[in-house]
**Student:** 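Structure in structure tokens, see below.
Side chains are part of it too, since the values below use all heavy atoms of this structure and drop only hydrogens, waters and symmetry mates.
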Amino acid sequence: MTITSRIATVSAVALVCALYLYSKRPQVEDGPPRKKKNIAQLIGNTPLVKVQSLSRLTGCEIYAKLELANPGGSAKDRVALAIIEDFEARGLLRPGRGDVVFEGTSGSTGISFAMLCNALGYTAHISLPDDTSNEKLQLLESYGAILQKVKPASIVDPDQYVNSARRSAEALSKDPSTQAMGVFADQFENDQNWRVHYRTTGPEIWDQMEENIDIFVTGSGTGGTIAGCGKFLKEKNANMVCILADPQGSGLFNRVNHGVMYDSVEREGSRRRHQVDTIIEGIGLNRLTHNFKIGEKLIDYSIRVADVQAVRMAKFLSINDGLFLGSSSCINAVAAVQAAQNAQKGSKIVMIACDSGSRHLSKFWKQASEVSRDVTLEEVMSVS
């Protein structure tokens with residue numbers, strides 16, 4: 001083979017490889033989105049927007065990845081779809097057989113499963129704490145999901161909502177009177193959780209930021225988002241800083257910064273509400289999940305955010321940017337500002353905007369609505 005023909009062969013192989021890799025990247029459509037065959041195809045490729053007020057006041061570029069723009073209103077749409085598709089691939093779910101997806105969740109994941117089960121031919125059975133916000137309960141009821149409300153309890157309690165969902169799935173699958181199968185989604189331990197963020201959310205952020213990101217900030221509920229996005233983004237830029245935003249009462253802050261899974265609210269007789277003593281829903285734990293363990297070594301440090309800071313941030317972003325965000329999103333925003341205050345000017349920071357404030361009107365936003373519309377960023381960041 002001549003040198004010229006070798007060069008041509010190598011070039012052809014390189015072109016094929018490049019086209020293959022390009023085909024695997026999330027594609028952003030030009031012009032109006034093309035028609036989709038079902039609502040599941042609307043999941044992902046969510047917008048990323050610069051938060052003008054925070055960027056101006058910190059001297060850094062702070063961006064929000066609007067996972068609230070998914071059709072089910074949260075980042076959990078990605079996880080729910082990935083889990084369902086995995087069960088289908090393994091023959092454990094089949095449309096039209098009466099199969100049921102069981103999950104234990106404080107709200108958003110249940111909504112995603114309820115939406116997708118209706119679209120794909122299944123039934124969603126959701127076990128959840130009985131103090132879940134009314135908005136989430138109403139959404140689940142509107143989707144027609146089967147709801148099982150349980151008292152808030154530790155994961156070691158057999159009646160805790162996750163354990164309740166697992167037990168119900170096993171009971172259906174063993175029921176000889178029906179061909180219907182029950183599957184337990186197990187979002188906290190399911191490997192599909194972090195993997196879908198590694199395949200989709202992380203690459204989307206990288207492309208939208210034009211391959212230039214200095215700091216990534218998000219909280220951890222199951223741990224899938226920080227593990228999947230953190231892993232992908234760190235592989236692209238080893239110097240990128242990955243920060244865990246953690247609410248008060250969660251033990252993950254101490255786990256990341258001090259190697260000890262403990263918080264003072266866990267002292268005997270001091271826990272007032274349930275596992276994590278905060279008004280924040282969706283993030284914060286006092287146990288380690290499989291998904292969190294996947295990403296733990298990728299986290300550079302954690303920032304603890306008080307409820308009062310998140311509440312004030314909610315009002316601040318609503319008034320100054322028109323961003324109406326939920327509680328976990330506001331935890332991320334406070335942490336992003338603190339990260340910016342310690343970073344070089346001009347640093348590019350991306351935070352996850354998990355869901356909107358519409359799911360938190362009766363609890364979190366009941367307090368946020370009382371904050372002055374003139375609240376300053378300095379007041380937002382104060383814990384007093």
**Student:** Following the transitive rule for hydrophobic clusters with a side-chain heavy-atom cut-off under 4.5 Å over Ile, Leu, Val, Met, Phe, Trp and Tyr, establish whether Met181 and Ile146 coincide in one cluster.
**Tutor:** no
**Student:** With His290, which of Asp186, Asn190, Asp191 fulfils side chain to side chain donor-acceptor pair (under 3.5 Å)?
**Tutor:**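 Filter result, single survivor: Asp191.
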**Student:** Counting only heavy atoms not in Arg94 (residues, nucleotides, ligands), do more than 12 fall under 6.0 Å from its CZ?
**Tutor:** no
**Student:** Within this structure, what is the OG-NZ distance for the pair Ser112 and Lys76, rounded to the nearest 0.5 Å?
**Tutor:** 8.5 Å
**Student:** Step by step, work out the side-chain contact (heavy atoms from CB on, under 4.5 Å) result for Val350 and Ile215.
**Tutor:** CA-CA 6 Å; Val350 174; Ile215 300 172; over 6 Å; no
**Student:** Check Lys231 with Glu235, please: is the shortest side-chain N to carboxylate O separation under 4.0 Å?
**Tutor:**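 Here Glu235 pairs with Lys231 in a salt bridge, since their nearest N and O are under 4.0 Å apart.
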**Student:** Got a donor-acceptor contact below 3.5 angstrom from the Glu296 side chain to the Phe292 backbone?
**Tutor:**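 The answer is no, because no donor-acceptor pair under 3.5 Å joins these two groups.
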**Student:** Does a sphere of radius 6.0 Å around NZ in Lys297 hold more than 12 heavy atoms from other residues, nucleotides or ligands, not counting ones at 6.0 Å or beyond?
**Tutor:** yes
**Student:** Give a yes or no on whether Val196 and Leu120 share a hydrophobic cluster (residues Ile, Leu, Val, Met, Phe, Trp, Tyr; joining criterion: side-chain heavy atoms under 4.5 Å apart).
**Tutor:** yes
**Student:** Identify whether Leu139 and Val101 are in the same connected component of the hydrophobic contact network (ILVMFWY, side-chain heavy atoms under 4.5 Å).
**Tutor:** yes
**Student:** With distance as the sole test, does Glu211 use its side chain to make a donor-acceptor pair with the main-chain N or O of Trp206 at under 3.5 Å?
**Tutor:**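 It does not hold such a pair.
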**Student:** Quick one: do Lys236 and Asp207 make a salt bridge, cutoff under 4.0 Å?
**Tutor:** no
**Student:** Are any of the side-chain heavy atoms of Ser328 and Cys354 separated by less than 4.5 Å?
**Tutor:**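 A side-chain contact exists here, since the closest heavy-atom pair is under 4.5 Å.
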**Student:** Taking Gly182's backbone N and O only, do any of them form a donor-acceptor pair with Asp99's side chain (distance below 3.5 Å, no angle check)?
**Tutor:** no
**Student:** Any donor-acceptor pair under 3.5 Å linking the side chain of Asp77 with the backbone of Ile43?
**Tutor:** no
**Student:** Students often mix this up, so state it plainly: with edges at 30° and 60°, are the rings of Phe102 and His125 parallel, tilted or perpendicular?
**Tutor:** tilted
**Student:** Taking Asn70 for its side chain and Gly72 for its backbone only, find out whether a donor-acceptor pair lies under 3.5 Å.
**Tutor:**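 No: the side chain of Asn70 does not pair with the backbone of Gly72.
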**Student:** In Å and rounded to the nearest 0.5 Å, what is the OG1 to CD1 distance from Thr218 to Ile226?
**Tutor:**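 Thr218 OG1 to Ile226 CD1: 6.0 Å, rounded to 0.5 Å.
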**Student:** Using side-chain heavy atoms (C-beta onward) and a distance below 4.5 Å, is Asp355 in contact with Ser108?
**Tutor:**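 Answer yes - side chains close enough.
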**Student:** Looking at every non-hydrogen atom in both residues, tell me the closest pair between Lys345 and Cys60 and how far apart they are.
**Tutor:** CA-SG, 4.4 Å
**Student:** Between Tyr143 and Glu141, do the side chains contain an N or O donor and an N or O acceptor separated by less than 3.5 Å?
**Tutor:** no
**Student:** Could you report the tightest heavy-atom contact between Phe316 and Ser53, atom names first, then the distance?
**Tutor:**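 Closest heavy-atom pair between Phe316 and Ser53: CE2-OG, 3.4 Å.
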**Student:** Tell me, do Val183 and Leu93 make a side-chain contact under 4.5 Å, heavy atoms counted?
**Tutor:**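 Of all side-chain heavy-atom pairs linking Leu93 with Val183, at least one is under 4.5 Å.
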**Student:** More than 12 heavy atoms of other residues, nucleotides or ligands under 6.0 Å from CZ of Arg90: is that the case?
**Tutor:** yes
**Student:** Are Arg78 and Glu204 ion-paired here, with the side-chain N under 4.0 Å from a carboxylate O?
**Tutor:**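 Counted as a salt bridge, because a side-chain N and a carboxylate O are separated by less than 4.0 Å.
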**Student:** Can Ile205 and Ile213 be said to form a side-chain contact (heavy atoms from CB on, under 4.5 Å), step by step?
**Tutor:** CA-CA 9 Å; Ile205 292 171; Ile213 173 174; 4.1 Å; yes
**Student:** Is there a continuous path of hydrophobic side-chain contacts, each under 4.5 Å between heavy atoms, that joins Val217 to Leu66?
**Tutor:** yes
**Student:** Can a donor-acceptor pair be found, under 3.5 Å and without considering hydrogens, that links the side chain of Gln248 to the backbone of Asp307?
**Tutor:**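 Here the side-chain-to-backbone pair exists.
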**Student:** Determine whether the side chains of Ser302 and Asp246 contain a donor N or O and an acceptor N or O closer than 3.5 Å.
**Tutor:** no
**Student:** Among Asn320, Val380, Ile62, Leu377, which residue satisfies the side-chain contact (heavy atoms from CB on, under 4.5 Å) criterion with Leu57?
**Tutor:** Leu377
**Student:** Out of curiosity, does Phe113 fall in the hydrophobic cluster containing Trp194 (side-chain heavy atoms, cut-off under 4.5 Å, transitive links)?
**Tutor:** no
**Student:** Is it the case that the side chains of Tyr161 and Glu103 hold a donor-acceptor pair, with the cut-off being a distance below 3.5 Å and no angle test?
**Tutor:** no
**Student:** Got a second to check how far Met240's CE is from Leu233's CG, nearest 0.5 Å?
**Tutor:** 5.0 Å
**Student:** Is Asn286 reaching over with its side chain to a backbone N or O of Gly249, donor-acceptor style, under 3.5 angstrom?
**Tutor:**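 Checking the backbone N and O of Gly249 against the side chain of Asn286, a donor-acceptor pair under 3.5 Å is found.
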**Student:** Side chain of Asp321, backbone of Leu323: donor and acceptor closer than 3.5 Å?
**Tutor:**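 No.
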**Student:** Taking Arg312 for the side chain and Glu379 for the main chain, is one N or O donor matched with an acceptor at less than 3.5 Å?
**Tutor:** yes
**Student:** Look at the side chain of Ser347 and the backbone N and O of Ala343, then say whether any donor-acceptor pair between them is shorter than 3.5 Å.
**Tutor:**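 Between the backbone of Ala343 and the side chain of Ser347 there is no qualifying donor-acceptor contact (under 3.5 Å).
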**Student:** Contact between Leu252 and Leu288 at the side-chain level, heavy atoms closer than 4.5 Å - yes or no?
**Tutor:** yes
**Student:** Under a plain distance cut-off of 3.5 Å, with no hydrogens placed, do Thr46 and Glu67 share a side-chain donor-acceptor pair?
**Tutor:**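 Side chains of Glu67 and Thr46: pair found under 3.5 Å.
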**Student:** Using side-chain heavy atoms (C-beta onward) and a distance below 4.5 Å, is Val311 in contact with Val371?
**Tutor:**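 They are in contact (side-chain heavy atoms under 4.5 Å apart), so the answer is yes.
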**Student:** Salt bridge check: are Lys315 and Glu370 linked by an N-O gap of less than 4.0 Å?
**Tutor:** no
**Student:** Mind checking whether Phe324 and Trp365 have parallel, tilted or perpendicular rings, split at 30° and 60°?
**Tutor:**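 Correct class here is tilted.
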**Student:** Between the side chains of Lys151 and Gln160, does any donor sit under 3.5 Å from an acceptor?
**Tutor:** no
**Student:** Side chains of Thr289 and Asn291: donor-acceptor distance under 3.5 Å anywhere?
**Tutor:**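 Result is no, nothing qualifies.
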**Student:** Any side-chain heavy-atom pair from Val305 and Pro247 closer than 4.5 angstrom?
**Tutor:**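 Heavy-atom side-chain distance check fails, nothing below 4.5 Å.
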**Student:** Are Leu128 and Gln148 packed together at the side-chain level, in the sense that at least one heavy-atom pair is separated by less than 4.5 angstrom?
**Tutor:**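 SC-SC contact between Leu128 and Gln148 ruled out.
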**Student:** Taking only Lys NZ, Arg NE, NH1 and NH2, and the carboxylate oxygens of Asp or Glu, determine whether Arg359 and Glu135 approach each other closer than 4.0 Å.
**Tutor:**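 No.
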**Student:** Side chains of Thr109 and Gln187: donor-acceptor distance under 3.5 Å anywhere?
**Tutor:** yes
